[in-house]
Amino acid sequence: MEKKTDPKKEAIRLTKLWQQYGPNTYPLDLDELVSGAILTSDFSDNLIIDRQRFDSFEGSLVRTNGTRKWTMLLNSQVRNGRRRRFTFAHELGHFMCHRELRNKFEDSEESLNDFRDEIENEANTFASWLLMPANLIRNEFGSIQWDTEALREIGNRFECSLQASALRYVRLSPKPIAFVVSRDGMILWAVKSETAPYMASYCFGDELPEGSHAVSCHQNGEVGTERQAVGPVWNDLRHAFESQYFDQSGQGYQYTCIEFQ
Ligand SMILES: [Zn+2]
């Protein structure tokens, strides 16, 4: 029977191996995790990491026909190191959780961002839990105020993209906070913590709300990371603090960190 492994449990298991029996250093060294913690534990499958230039994908995982040997192909042409790292962790997620399901996985930028596909979603969850363990985030960033400065610190600490860092941090936080990604004044996606209130502007295609610092920065071309108090613009009743960050990669992303009062 085909069996699938829970990506969260698997990420926690590897995190324990790394933290208790491994070097316990972060940013996590994925190569060392694979060669040390994974391949030397009670494991019948073999995994080789191969970095090359590819045109059609960012990462891939392939079984050698009829064997328990797997090769992970990572595209060295991808320039952003944090993205290469996340792809590595994503492919490792397929290896740890999905290798009984298929003999081949191939990931382009599109599939890496496909939140509707269960398998891709699981590999992303595995990657973010592995690269950004909950215990470290709580210990080191549990009491910070949520703004783009904090977000950059989290990204640097774990060598993850700001989007991946924000997603992980906000979902873990007990405080009423949110993170909004927009472009040209329109929301692409957003995430809020469990204790955050209802937000009228939250979904793909919603406009940034009138009166928000986010919309004024967008309209006036201001580049502000300073934390600013705003009125009840994200929620009808709750005031909030906002700070903005404009991504420099040429994609035109605007990031807004929101902390409700
Ligand atoms: Zn994938």
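Each ligand, and each atom within it, is numbered from 1 in the order the structure gives. Here the structure is a predicted model, which means the values were calculated and not measured.
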### Message
Would you say the Zn ion (ligand 1) has D107 as a near neighbour, meaning an N/O/S atom of that residue under 2.8 Å away?
### Response
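An N, O or S atom of D107 is closer than 2.8 Å to the Zn ion (ligand 1), so yes.
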
### Message
For a distance under 2.8 Å, tell me if E120 has an N/O/S atom near the Zn ion (ligand 1).
### Response
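Yes, within the cut-off.
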
### Task
To 10°, measure the NE2(H94)-the Zn ion (ligand 1)-NE2(H90) angle for me.
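Roughly 100°, rounded to 10°.
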
### Task
Mark yes or no: R85 above the aromatic ring of F88, with NZ or CZ under 6.0 Å from the six-membered ring centre and no more than 45 degrees from the axis.
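No, a cation-pi geometry is absent between R85 and F88.
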
### Message
Ring centres under 6.0 Å, that's the criterion: do F179 and Y255 meet it?
### Response
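Close enough - the centres of the two rings lie under 6.0 Å apart.
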
### Message
Suppose clustering is done on Ile, Leu, Val, Met, Phe, Trp and Tyr with side-chain heavy atoms closer than 4.5 Å. Which residues sit in the same group as V78?
### Response
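Members alongside V78: none; it stands by itself.
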
### Task
Verify the distance criterion only: is there a donor paired with an acceptor across the side chains of H213 and E226 at less than 3.5 Å?
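No, no side-chain donor-acceptor contact under 3.5 Å.
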
